[in-house]
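Note that the structure is a prediction, hence the values are computed from the model and not measured.
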Amino acid sequence: MDLVNEILEREQQKADKYKPITVEKHLDVEFDIGTLVAFDTNDLDSKLMKSEKDRDSYLESLTRDNTQLLLNKIWELSTERIDEAIVVRLPQPTTVMPRAKPVPKPKPLTKWQEFAKAKGITKTKKSKLEWDEQLQKWVPLYGFKKAAAEKEKNWLIPVPQNLDPMTDMYEKKASEKSEKVAKNELQRLKNIARARKVKIPRVGIPITSDKASSTQLATATSVAKASTASLGKFQDKLPKEKDARGKGVHELIPGKERKRKLPVPTPAAEKENNLSIIDRILKKRPKIDMEKAVSKHIHEEQVQRSEEKRSMKPMKGKPKGKGNATNFSAKKPKGGRGQRNPNKKNPGRKRR
Amino acid sequence: MGVMQRIKKPTTRRGKKVLLSKEPQFIEGPKQCIFIQGRKPSERARKVLKDIYDLKKPDAAYLNRKNDFVPFEDATLIEKLCYKKEAALFGVSSHSKKRPHNIILGRTFNYGVLDMIELGAEKFKSMSEFHNMKVLAGLKPCLLFNGPSWELNHDLKRLKSLFIDFFHREKVETIRLQGLEHAFSFTATDDGNIYVRSYRILLKKSGQRTPRIELEEIGPSIDFKLRRTRLASDDLLKEACRVPRELKPITKKNISRDAFGSKMGRIHMGKQDIQRLQTRKMKGLKRTAEEKKEMLLKKKKAKKEAKAQAQ
């Protein structure tokens, strides 16, 4: 027993040599170890806080206790060794700090990107260098040394047969290139406008080109005409004027909104639709316009009669009425008092 | 607004790079801070700001020019300077008869002022007045908030968040144990006094793995008095505190841990096909050689018949 007591005593002495690492607190201190923050919500000693002399020492002891608690927590974490230094892995911070800038939004797709996505078109990687047979060397696809190679290649450009022999092909090429650049820039701006939902005019004579095409002009006139309060109902028309046609023109003209048909949901539904259309066509019966039919019939008879009259003219000398084979009947003549038939040639007895 | 979404394209490659670096990021680096002098700042106010600047140093800029402006009336200058310096935190020192030794601390969101809190430095002892060894620059300090007022008072609650934003430096994954050298203590009383003290942590032997902590004050020691505040609306703060979906941890389904910490998983099985189950092969159930021969003959006969019929 003596030995045990001795060991215990020695341990006690050892422990007494060091100050304790435990701290007593009325309320538990909250930690956010990820950001190395401790929140001590215990009441402060108001008496010590008020005295100028003791405040600093009180604050120091308070801070020491809280630091001890925080570091105790940190020392509990699992340690690692990175380059001769012992580090601890901190957990995720719990306090959320406001950001400096808003969360980035996904980039809006351009019209082409949208189309490619819908159609499943993917980019194919082109090699940066291409072998040029004419120059017998590798020429970059674009960028540095491309222009020089192009210049070397096009030291002479033949004028095609169908062009004016005096055209400057170099100038033509340059203008084509600048037009392409301008078109690309316009498309970029259009994409930006689309992304920001800004409405931009799609018609009118473009300012950039000096001549507008006939379709552009026709569209512009159609839109302008329909842009009245009565949607162009009372606007005069030129003798041979036609409304503008084309893709997307219809939507531009006010008052001509057309509802798009919804896409067919299933192949079965599509089939049914098409069959119903065929059925409708096959079952079609000619419509009969009674009025028209009657009038046509009357007209035909009149024509027939007139023809008959004409053909009967040379037989003028023949006696009428009696002995006409067509007029033969077993009935007693009624002396014109019977039912009248306007088609008959002899409408009754001749009165004097 | 992205770089490519600008109406005017950047003309140079370098300009484009600068613009790209200014774009919002999912994971933001440490917030930069600017310190501005207001109209005729007092010696004390200037020194307070200088000491805070010294503590914040790699991520801070001290602008020496005096500016005749009142942040609480017109914060455009702050917004402009923050835009210019790409800073999200700012400190302004000024002095007037009404508000002596005035310090304004604040932060911005998307180049607009989010929070702005005015503090009066009633007592100040600078770092240079403590004649001892200071901590290394750029260390992540331990922040300690003492007193119940930090939780109870709305202004102080926001000030606490602001202090953490100012001094926590950067989110880190790991920390060197020997690098835990600096402790910042913020003590708030009910009457709006805030005592800021800064200590060096001394790790002493304790006879155990965890060391015994001793502190040594290295300054600055500032007694602040809370003055005016201009806090962000809850909506704006919520917007500013939004965590992007990309950074949110993804919860895995069907995995749980029991009380002993062992991992449990739930598995969904498909229906088992018993017909095709491979059972034990037995000799008694096998076909004998004679049986096999018979089967072959039968097959051959059937084939011949079929051929004959076809002809």
Side-chain angles (χ1 to χ4, degrees), chain A residues 14-15 17-21 32 34-44 46 49 55-56 59-68 70-72 74-76 79-80 82 85-90 92-93 95-105 107-108 185 188-189 191-192 195-196, chain B residues 2 4-5 7 23-26 28 31 88 107-110 114 140-148 150-151 161 164-165 168 171-178 180 183 185 187 189 195 197 199 201 204-215 217 221 237 239-244 249:
Chain A
K14 222 185 218 175
K17 215 165 77 181
Y18 302 115
K19 283 179 184 166
I21 59 161
D32 176 9
T35 31
L36 300 183
V37 183
F39 309 106
D40 181 6
T41 45
N42 288 296
D43 278 330
L44 302 168
S46 53
M49 284 303 285
R55 193 193 294 140
D56 275 356
L59 285 178
E60 188 168 340
S61 73
L62 185 69
T63 310
R64 196 216 75 80
D65 289 353
N66 288 336
T67 316
Q68 179 77 62
L70 180 63
L71 291 201
N72 286 353
I74 291 166
W75 250 262
E76 277 170 21
T79 54
E80 283 172 38
I82 299 175
I86 294 166
V87 296
V88 288
R89 196 153 284 282
L90 293 176
Q92 280 287 320
T95 42
V96 181
M97 288 289 117
R99 299 170 60 87
K101 279 168 205 168
V103 175
K105 281 179 197 143
K107 263 185 202 167
E185 175 68 9
R188 187 181 73 87
L189 293 176
N191 277 324
I192 292 169
R196 293 194 200 162
Chain B
M4 297 328 288
Q5 288 293 306
I7 300 278
E23 273 193 352
Q25 307 288 326
F26 281 117
E28 290 178 336
K31 281 184 179 178
R107 55 188 166 189
T108 62
F109 172 63
N110 204 12
L114 189 72
K140 194 172 165 78
C142 300
L143 306 175
L144 308 154
F145 290 88
N146 311 319
W150 289 116
E151 280 300 317
S161 165
I164 296 173
D165 216 355
H168 87 101
K171 193 192 147 192
V172 290
E173 301 261 296
T174 57
I175 195 159
R176 197 163 57 92
L177 287 177
Q178 295 303 310
L180 292 164
S185 116
T187 314
T189 56
Y195 303 98
R197 301 283 183 273
Y199 304 96
I201 299 174
K204 302 281 186 198
K205 273 182 188 162
S206 68
Q208 296 165 49
R209 213 176 80 87
T210 312
R212 157 95 187 169
I213 306 298
E214 293 296 336
L215 296 179
E217 188 157 10
S221 132
L237 193 72
E239 173 67 30
C241 287
R242 234 183 87 197
V243 181

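- Both the backbone and the side chain of A/P102 come within less than 4.5 Å of a heavy atom of chain B.
- Looking only at atom types and distance, the side chain of A/T79 has no donor-acceptor partner in the side chain of B/R209 under 3.5 Å away.
- Nearest approach of A/L90 to A/G34, heavy atoms of both residues: CD1-O, 3.9 Å.
- When A/D32, A/I82, A/V87 are compared by the number of non-hydrogen pairs under 4.5 Å with chain B, A/V87 comes out ahead.
- For B/L177, the parts lying under 4.5 angstrom from a heavy atom of chain A are both the backbone and the side chain.
- Neither the backbone nor the side chain of A/S46 comes within contact range of chain B; no heavy atom of the residue lies under 4.5 Å from a heavy atom of that chain.
- Of the possible polar contacts, none joining the B/E214 side chain to the B/K204 backbone as a donor-acceptor pair under 3.5 Å is found.
- Proximity to chain A (any heavy atom under 4.5 Å) is restricted, for B/Y195, to the side chain, taken from C-beta onward.
- The most heavy-atom pairs under 4.5 Å with chain A, out of B/Q178, B/H168, B/K140, B/E217, come from B/K140.
- Partners of A/W75 under the ring pair (Phe, Tyr, Trp, His ring centres under 6.0 Å) rule, at least two apart in sequence or in another chain, do not exist in this structure.
- Between chain B and the residues A/D43, A/L62, A/I74, A/L36, the most heavy-atom pairs under 4.5 angstrom are made by A/L36.
- Options B/L237, B/T189, B/I175 differ in how many heavy-atom pairs under 4.5 Å they form with chain A, and the most are formed by B/I175.
- For chain B, the option among A/N72, A/L70, A/L59 with the highest count of heavy-atom pairs below 4.5 Å is A/L59.
- Of all non-hydrogen atoms in B/P244 and B/F26, the two that sit nearest each other are CB-CD2, 3.7 Å.
- B/Y199 touches chain A through its side chain: at least one heavy atom from C-beta onward sits under 4.5 Å away, while N, CA, C and O do not.
- Side chain of B/E173 to backbone of A/R89: no donor-acceptor contact under 3.5 angstrom is found.
- No other option in A/D56, A/T67, A/N66, A/T35 has as many heavy-atom pairs under 4.5 Å with chain B as A/T67.
- For the set A/M97, A/E80, A/E76, A/M49, the entry with the most heavy-atom pairs within less than 4.5 Å of chain B is A/M97.
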Q) Step by step, would you call B/E151 with B/F145 a side-chain contact (heavy atoms from CB on, under 4.5 Å)? A) CA-CA 10 Å; B/E151 280 300 317; B/F145 290 88; over 6 Å; no
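- For A/R55, the salt bridge (charged side-chain N to carboxylate O under 4.0 Å, His left out) criterion is met by A/E52, B/D223, not counting sequence neighbours.
- Only the side chain of A/L189 comes within less than 4.5 Å of a heavy atom in chain B; its backbone stays farther off.
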Q: Determine, stepwise, if the pair A/T95 / B/S161 fulfils side-chain contact (heavy atoms from CB on, under 4.5 Å).
A: CA-CA 8 Å; A/T95 42; B/S161 165; over 6 Å; no
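- Of all the listed residues (B/P249, B/G147, B/S185), the one sharing the greatest number of non-hydrogen pairs under 4.5 Å with chain A is B/G147.
- The contact between B/K31 and chain A is made entirely by side chain atoms (from C-beta outward), counting heavy-atom distances below 4.5 Å.
- For a residue to count as touching a neighbouring chain, one of its non-hydrogen atoms must lie under 4.5 Å from one of that chain's; by this rule B/S206 touches chain A with backbone and side chain alike.
- Options A/V96, A/N191, A/V88 differ in how many heavy-atom pairs under 4.5 Å they form with chain B, and the most are formed by A/V88.
- Remark: side-chain polar atoms of B/Q25 are paired, donor with acceptor, to backbone N or O of B/E23 under 3.5 angstrom.
- Under a 3.5 Å cut-off, the side chain of B/R197 and the backbone N or O of A/T63 do not form any donor-acceptor pair.
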